[in-house]
Amino acid sequence: MESIHTAEPIHDAPVSAHAPTVSLAPISGVIPDQLTVTWAASDEDGDSLTANLAFSADGGVNWQTVLLGHTDQQAELDTSLWPETTQGT
C-alpha cells in the first residue's frame, strides 16, 4: 500500500498475504458500568496486531470509538458514560 502526495510516495507499507482473524466473546444482557471485553485475534503471517473497539447505540448506524490501538486481547471499559439503548451493538 502506498500513500501518494503529488507524484512522490510519502509512505510505503507492505500488505500482508493473509488477513488477521478475530472472534469476540459474546456480550449480552444488562451492561455493567465496568465491562470486561475479551477477544481472540491471530495473524497467519505473524504480524503484530492492535485492536480498535467501537460501540453503537443505534444498531450500527453510528459508531463511537471506545478503545484505540490496544495490544492485549482483553480490555476493561467504563461504560457509565455510554448512552442507554436497546439497540446497542
Original post:
So, D78 side chain and S80 main chain: donor-acceptor pair closer than 3.5 Å or not?
Top reply: yes

Got a list of side-chain donor-acceptor pairs under 3.5 Å for residues 20-37, not counting sequence neighbours?
{"unit_1": "T21", "atom_1": "OG1", "unit_2": "S42", "atom_2": "OG", "d": "3.0"}
{"unit_1": "T36", "atom_1": "OG1", "unit_2": "E76", "atom_2": "OE1", "d": "2.8"}
{"unit_1": "T36", "atom_1": "OG1", "unit_2": "E76", "atom_2": "OE2", "d": "2.7"}

* Asked: Taking atom CD of E44 as the centre, does the number of heavy atoms from other residues, nucleotides or ligands within less than 6.0 Å exceed 12?
  -> no

> Is the W82-F55 ring centre distance short of 6.0 angstrom?
Replying inline: yes

Smallest heavy-atom separation, D72 atom then W39 atom, equals O-CZ2, 3.0 Å

Taken to the nearest 0.5 Å, the spacing of Q64 CD from D58 CG works out to 11.0 Å

Minimal heavy-atom distance between A75 and H70, with the atoms involved, is CB-NE2, 3.9 Å

*Show your reasoning for whether side chain to side chain contact (heavy atoms under 4.5 Å, CB included) applies to D43 and S16.*
CA-CA 9 Å; D43 183 72; S16 245; 4.3 Å; yes

**Message:** Has T85 got a side-chain atom pairing as donor or acceptor with A57's backbone, closer than 3.5 angstrom?
**Reply:** yes

Would the distance check show the side chain of T71 and the main-chain N or O of T50 forming a donor-acceptor pair, the cut-off being under 3.5 Å?
no

So CG of L77 and CG of L81: to nearest 0.5 Å the spacing works out to 12.0 Å

